[in-house]
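Structure record follows, encoded as structure tokens.
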Protein chains: 2
Amino acid sequence: MNGKKVPEGTISRLFIYYREVSELSSLKIKTISSAELGERTNLSDAQVRKDLGYFGQFGVSGSGYDTSELKKALEKILGKDRTWNVAVIGAGHLGAALLSYPGFKNYGLEIVAAFDSDSKRIGKKLGEIEVQLISDLSKTAKDKKIHIGIITVPAASAQEVAEKLVEAGIEYILNFAPVSLDVPDSIKVKDVDLSRELETLTYFLVNK
Amino acid sequence: MNGKKVPEGTISRLFIYYREVSELSSLKIKTISSAELGERTNLSDAQVRKDLGYFGQFGVSGSGYDTSELKKALEKILGKDRTWNVAVIGAGHLGAALLSYPGFKNYGLEIVAAFDSDSKRIGKKLGEIEVQLISDLSKTAKDKKIHIGIITVPAASAQEVAEKLVEAGIEYILNFAPVSLDVPDSIKVKDVDLSRELETLTYFLVNK
DNA sequence: TAATCTTTGTGATTTAGTTCACAGACTTTG
DNA sequence: CAAAGTCTGTGAACTAAATCACAAAGATTA
């Protein structure tokens, strides 16, 4: 890491590079140039080099990047060398969609608990996970060493849930509720506003 | 519209302004300044004026914007003066989450059909909508004048579904599958890559 | 080993978007 | 109605990110 601020876009692209070099390395392809890696990922060679440049010097002039070395380096950078425990709060359709999403494990994420405030849902199984009452959050979060909370409750109760997550020691919140959460600076919140995506649809239909 | 390219961010912000002036206008508040509108939306006054400036001159020096006029103007710009028919393809959890999402109507969107390829799901009701076999897509799309297709099928079948949507005359695709779709330029595709959001979580946990 | 070729890493440039700042339009006050 | 106050619309300045472009490092060839 060279100290400069890393653009958000760089980080998503690192995952793309990671996927590609994993593939290459498993195909026993030993090295790849930034040009070819760019080709395969629909990005420019300069973009590839600049992105990697934020984190160090991984390449060799004249031959390119060693695929398995780069894979290992990216694993480290991206936190893919361990598993992160996740709790989903809100066992409605969206929560269920996330719980049944098979890709999680590949991302180094493991959903280990689900919560809801609706007593009708408590005790039901969503996949492997039994839905718990939200008042158990704090205890379970500590017992199961949960790092990440995903909020899929309605907008009206999202702030309240966020506060419980903070109290329970969660470090990162992924928020699907269409409200902006007020939490301490030390907690990272990422908003995924599906309604925004849906809304903007109509603009593009009107304007061509 | 003054011809200059409109930044993507401007468009989402227009919806925020729209919501605010709708509220204000219904409260019989006749005018609002860019400063106050900015205050209420956590944006700067300059941002508000610049955003609106892409589409014309709506304000009055010395007094600000007429809320109900601005509301009408934004309705027009954003395509909120009519309803757009939507089909969801993929009646799994995510599809169900969208179908049960009450906010749709507010966005001028109406889900009028749902499709799946799994015969176990055909005929089931998701809310008001009966799940149809995907082979009916083309006919139903024409009958029901569907403009928008939302893809919530697994990555592996997304491209195939996209092609059927194009064939059925859909103009806009909202794609939840984590693959990039290959469609004609005349079709607008918006990708919502949940897995990307999930993935990037781990980076931020490692790096602080 | 020298000449040539390939490819990185990174400053310099360009592009896109946001913020600043102010002239000029309109409103309010006395 | 003139002076003071408010607020817009928009170029200019700034900031962030992507792209360019090239010196230097290493690989390849003869």
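By convention in this document, chain letters (A, B, ...) are assigned in the order of the sequence lines, proteins followed by strands, and residues within each chain are numbered from 1. From a predicted model like this one, the values you see are computed outputs, not experimental measurements.
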Rounded to the nearest angstrom, tell me the gap between atom [atom1] in [X] and atom [atom2] in [N].
X     : N      : atom1 : atom2 : result
B:Q57 : D:dT10 : CD    : C1'   : 9 Å
A:F58 : C:dT10 : CZ    : P     : 11 Å
B:E36 : D:dT8  : CD    : P     : 10 Å
B:D66 : D:dT8  : CG    : P     : 13 Å
B:D45 : D:dT6  : CG    : P     : 14 Å
B:N42 : C:dT19 : CG    : P     : 12 Å
B:L37 : D:dG9  : CG    : P     : 12 Å

(request) Going by the side chain to side chain donor-acceptor pair (under 3.5 Å) test, name the single residue among A:E23, A:E75, A:R13 that passes it with A:Y18. (result) A:E75
(message) I'd like to check the side-chain contact (heavy atoms from CB on, under 4.5 Å) partners of B:I16; sequence neighbours left out, ordered by chain and number.
(response) A:R196, B:T41
(request) Return the set of residues passing side-chain contact (heavy atoms from CB on, under 4.5 Å) with A:E128 (not counting sequence neighbours), or none when no residue passes. (result) none
(request) Could I get the full list of salt bridge (charged side-chain N to carboxylate O under 4.0 Å, His left out) partners for A:E69, not counting sequence neighbours? (result) none
(message) Whether A:Y65 contacts C:dG9 is assessed here as follows: a side-chain N or O lying under 4.0 Å from the phosphate OP1 or OP2. Is that the case?
(response) yes
(message) OP1 or OP2 of C:dT8 versus the side-chain N and O atoms of A:S34: is any pair under 4.0 Å?
(response) yes
(message) Going by salt bridge (charged side-chain N to carboxylate O under 4.0 Å, His left out), name the pairs with one or both residues in residues 54-68 of chain A, residues two or more places apart or in two chains.
(response) none
(request) Spell out protein contact along nucleotides 16-26 of chain D as letters: B when the base is contacted, S when just the sugar-phosphate is, - when no protein heavy atom is under 4.0 Å; keep the 5' to 3' order. (result) -SSBBB---BS
(request) Scan residues 80-100 of chain A for pairs that pass side-chain hydrogen bond (donor to acceptor under 3.5 Å, both in side chains), counting only residues two or more places apart or in two chains. (result) A:R82-A:H147
